[in-house]
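For reference, the structure discussed in these notes is given below.
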Amino acid sequence: MLDIKKIRENPTAMQAQLDRRKGGFSLQPIVELDIQQKAIEATRSELQARSNEIGKTVGEKMQAKVAPNSPEILALKEQGTQFKQQLSELEPREKEIQQQIYSLLLQIPNIPSASAPDGASEEENVEVRRWGDEYIPANSAELLPHWEIGEKTGILNFERSAKIAQSRFVTLFGAGAALERALISFMLDRQTKAGYTEVSPPALVNSASLTATGQLPKFAEESFRCAEDDLWLIPTAEVPVTNLYRGEILDSSQLPIWHCAYTPCFRREAGSAGRDTRGLIRLHQFNKIELVKFVHPDTSEEEHQKLVKDAEAILEALQLPYRTMELCTGDLGANAAKCYDLEVWLPSAGKYREISSCSNFYDFQARRADLRFRETGKKGTQFIHTLNGSGLAVGRTMAAIIENYQQPDSTIQIPQVLQPYLGREIL
RNA sequence: GGAGAGAUGGCCGAGCGGUUGAAGGCGCAGCACUGGAAAUGCUGUUUGGGGGAAACUUUAACGAGGGUUCGAAUCCCUCUCUCUCCGCCA
């Protein structure tokens with residue numbers, strides 16, 4: 001959520017920054033409602049002051065043993081009733097306008113960081129680095145996509161999963177299931193060593209949580225919902241973990257807080273019919289290790305760079321070729337101010353595919369989540385900066401391993417760092 | 001799921017219709033005392049909105065939302081959460 005004060009103070013500058021996104025978001029209606037709201041508030045507050053005064057006076061008279069039904073008191077009561085009547089017209093109007101402002105604000109995306117590159121679409125994302133050798137075998141006919149290898153070796157099963165659930169679900173068998181478990185352990189071990197505190201949060205969250213991180217109201221159709229209970233299946237651990245400190249005021253000495261979490265993630269993939277229908281790339285349920293940071297605003301740029309490094313470290317340890325892309329304003333998610341995507345090399349497709357998205361939200365989520373901190377010993381509060389990134393998506397990592405480590409005989413070599421976890425070298 | 005109890009400031013805890021943003025204690029910060037500390041004493045110590053350069057001022061908030069009243073932390077209703085007992089169940 002954007003800062004209404006900043007919008008009020010400098011609407012044109014804010015609008016110009018917002019327009020770097022395209023999409024035609026207008027602050028104008030908010031500005032107008034805000035003016036109305038302030039006018040009503042001034043009147044209401046004045047009326048309330050006078051009404052409070054009467055209440056006080058009556059109290060004083062009663063203490064002084066003035067008879068409750070004396071003309072003096074009755075006159076005051078009458079006045080009070082009149083104020084109350086006036087207030088009862090103003091109050092609902094003010095609330096209504098406040099509600100309108102709030103719901104409009106909830107729909108406005110974040111202002112892109114000054115350093116985010118301008119651009120219209122993903123075409124204009126900027127490659128910041130590339131690591132490892134793209135695996136292109138001499139005889140590319142031998143090269144199989146991961147789902148074919150997976151089905152051949154029996155470690156992935158999509159058909160039976162469709163029977164028990166729907167399409168876009170997978171069941172892992174035997175060494176496949178073990179490989180996933182190994183990856184989860186490896187990633188968590190690695191990130192805990194890097195300084196993140198592991199948490200294991202609920203996988204169902206309420207609407208308030210989804211609103212705080214920015215999935216609601218705009219992306220309701222992307223999440224699975226348990227309507228009876230006002231609970232939703234989490235689309236990412238970002239939601240429960242970021243909400244951990246919602247509504248709290250932390251002390252600056254507690255910052256930064258770094259968490260990593262392994263959770264299943266659930267997405268309806270409503271807008272992606274026909275895309276990535278095979279394999280592990282786009283499932284309704286997948287596992288992910290998420291990194292979430294709560295930091296002092298002064299350090300958030302630096303913390304962001306470190307977070308990207310922590311995600312990249314996993315790919316490097318697994319010896320998977322990748323590139324790091326900085327998203328342009330046209331491809332930036334609605335909540336992010338700045339974002340790097342890590343893309344892993346998938347030989348069967350002959351291209352890089354997103355495997356981690358590392359975002360800095362600045363105070364956008366914190367404002368929605370009322371997530372503040374106080375500088376030790378000082379007065380007043382500020383909003384925390386929140387950041388997160390995948391470290392990494394487990395299914396996509398499996399796909400990348402299967403494809404990049406496939407042997408001519410359709411077996412899969414196990415990356416060295418995973419061998420201690422699996423107790424084998426070949427799968 | 002049934003029955004009961006409860007939710008107050010960073011924490012503990014009083015208040016149960018009248019000038020209470022809220023006694024008291026703890027904690028924390030500053031000052032005094034001290035060679036330094038402990039102990040002691042004094043002072044301060046919630047947040048949001050509006051106005052103001054500031055001092056300050058006004059308004060709101062005692063789990064959340066409604067209601068009664070001139071006036072609500074205190075009374076009524078709904079919801080959420082916590083605890084105890086019973087039932088059910090991984």
Side-chain angles (χ1 to χ4, degrees), chain A residues 1-9 30-105 200-212 226-232 240 243-255 257 363 366-384:
Chain A
M1 193 156 66
L2 300 184
D3 187 350
I4 183 83
K5 276 193 214 159
K6 279 191 191 157
I7 297 176
R8 188 184 301 149
E9 281 161 16
I30 296 175
V31 173
E32 283 165 14
L33 285 168
D34 182 57
I35 292 169
Q36 285 182 43
Q37 193 270 326
K38 287 292 158 271
I40 295 177
E41 178 175 349
T43 319
R44 191 220 68 216
S45 169
E46 161 78 22
L47 273 172
Q48 230 147 17
R50 286 155 70 185
S51 167
N52 286 348
E53 193 53 45
I54 288 173
K56 253 187 202 177
T57 314
V58 174
E60 279 161 15
K61 303 271 184 204
M62 303 282 267
Q63 294 278 296
K65 303 280 193 246
V66 175
N69 50 4
S70 67
E72 211 185 345
I73 297 229
L74 289 178
L76 283 169
K77 283 193 182 184
E78 174 55 29
Q79 267 188 64
T81 309
Q82 280 174 22
F83 280 130
K84 202 187 155 183
Q85 234 159 37
Q86 296 178 52
L87 280 168
S88 70
E89 286 165 24
L90 281 183
E91 272 176 344
R93 269 211 288 155
E94 191 186 354
K95 268 191 191 163
E96 168 67 22
I97 292 175
Q98 274 172 336
Q99 189 51 50
Q100 284 178 31
I101 293 173
Y102 181 66
S103 59
L104 286 175
L105 272 176
S200 180
L204 271 75
V205 295
N206 54 36
S207 298
S209 294
L210 278 165
T211 306
C226 312
E228 299 269 299
D229 305 285
D230 182 34
L231 288 171
W232 307 70
N243 274 280
L244 236 26
Y245 305 99
R246 187 175 82 219
E248 295 189 29
I249 300 173
L250 305 176
D251 190 89
S252 61
S253 65
Q254 292 171 267
L255 301 178
I257 296 172
D363 60 3
R367 188 166 274 114
R368 285 170 166 252
D370 190 22
L371 176 44
R372 292 171 288 165
F373 75 99
R374 198 192 326 263
E375 207 82 61
T376 311
K378 287 193 185 161
K379 280 214 152 200
T381 60
Q382 298 176 61
F383 287 106
I384 286 174

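Note on naming: letters A, B, ... go to the chains in the order of the sequence lines (proteins, then strands), and numbering restarts at 1 for each one.
Among the nucleotides B/rC70, B/rU59, B/rU19, the one closest to any side-chain atom of A/I54 is B/rC70. Distances from the side chain of A/R8 to the nucleotides B/rG50, B/rG48, B/rU69 place B/rG50 closest. Of the candidates B/rG18, B/rG71, B/rG49, the closest approach to any side-chain atom of A/K5 belongs to B/rG49.
With rounding to whole Å, A/Q82 atom CD is found 16 Å from B/rU69 atom C1'. Computed from coordinates, the A/E375 CD to B/rA29 C1' distance equals 16 Å when rounded to whole Å. Rounding to whole angstrom units, CD1 of residue A/I101 and P of B/rG50 are separated by 11 Å. The separation between A/L87 atom CG and B/rG67 atom P is 13 Å, rounded to whole Å.
Across all strands shown, B/rG10 forms a Watson-Crick or G-U wobble pair, both distances under 3.5 Å, with B/rC26. Pairing for B/rG52 is absent, judged as Watson-Crick or G-U wobble with the two contacts each under 3.5 Å. B/rU82: Watson-Crick or G-U partner is B/rA5, with both key distances under 3.5 Å. If you check B/rC89 for Watson-Crick or wobble pairing at under 3.5 angstrom, you find it has no partner at all. In this structure B/rC62 sits in no base pair that meets the Watson-Crick or G-U test at under 3.5 Å. Base pairing of B/rG35 is not made with any nucleotide, judged by Watson-Crick or G-U wobble geometry with both donor-acceptor distances under 3.5 Å. Under the Watson-Crick or G-U wobble criterion, with both distances below 3.5 Å, B/rG17 has no partner in any strand shown.
Counting non-hydrogen atoms under 4.0 angstrom, A/K38 reaches the backbone sugars and phosphates but no base. Within the nucleic acid shown, A/R50 has no heavy atom closer than 4.0 Å to any nucleic acid atom. Using a 4.0 Å heavy-atom distance criterion, A/K77 is classed as a base contact. Across all strands shown, A/A42 has no heavy atoms under 4.0 Å from either base or sugar-phosphate atoms. Among the protein residues, A/Q48 comes within range of the sugar-phosphate backbone only, with heavy atoms under 4.0 Å from sugar or phosphate atoms but none that close to a base.
Nucleotides B/rU45 and B/rG52 are separated by 24 Å at their C1' atoms, to the nearest Å. Comparing the C1' positions of B/rG6 and B/rA64 gives an interatomic distance of 16 Å, to the nearest angstrom. Taking atom C1' in both B/rG25 and B/rG9, the straight-line distance is 13 Å, to the nearest Å. Taking the P atom of each, B/rC86 and B/rC26 are spaced 40 Å apart, rounded to whole Å. Taking atom P in both B/rC76 and B/rG18, the straight-line distance is 15 Å, to the nearest Å. The same atom, P, is picked in B/rU58 and in B/rA22; the two are 13 Å apart, to the nearest Å. For the C1' atom pair drawn from B/rU68 and B/rC75, the interatomic distance equals 8 Å after rounding to whole Å. Nucleotides B/rU40 and B/rA54 place their P atoms 40 Å apart, quoted to the nearest Å.
Residue A/A208 comes nearest to A/N243 through the heavy atom pair O-OD1, 4.3 Å, listed as atom of the first residue, atom of the second, then distance. Closest approach of A/L2 to A/L105, counting heavy atoms only: O-CD2, 4.0 Å.
Within the 4.5 Å cutoff, no side-chain heavy atoms of A/D229 are placed close to those of A/N206. Here the side chains of A/F83 and A/Q48 are not in contact, with every heavy-atom distance at 4.5 Å or above.
Of the N and O atoms on the side chains of A/E41 and A/Q37, at least one donor lies less than 3.5 Å from an acceptor on the other residue. Side chains of A/S252 and A/R374: a donor-acceptor N/O pair is absent below 3.5 angstrom, by distance only.
Under the side-chain hydrogen bond (donor to acceptor under 3.5 Å, both in side chains) rule, A/Q82 has a single partner from A/E78, A/K84, A/Q85, which is A/E78. A side-chain hydrogen bond (donor to acceptor under 3.5 Å, both in side chains) with A/E94 holds for exactly one of A/Q99, A/K38, A/R44; it is A/R44.
Of the side-chain N and O atoms in A/K95, one or more sit less than 4.0 angstrom from OP1 or OP2 of B/rG66. Close to B/rG48, at under 4.0 Å from its OP1 or OP2, lies a side-chain N or O of A/T381. An OP1 or OP2 oxygen of B/rU19 is reached within less than 4.0 angstrom by no side-chain nitrogen or oxygen of A/K61. Residue A/R372 places at least one side-chain N or O under 4.0 Å from the OP1 or OP2 atom of B/rG48. Phosphate contact (OP1/OP2 of B/rA60, side-chain N/O of A/N52, threshold under 4.0 Å): present.
For the pair A/R374 and A/R44, both in contact range of RNA chain B, the more 5′-proximal nearest nucleotide belongs to A/R374. Sequence order on RNA chain B of the closest nucleotides to A/G80 and A/I249 puts A/I249 first from the 5' end.
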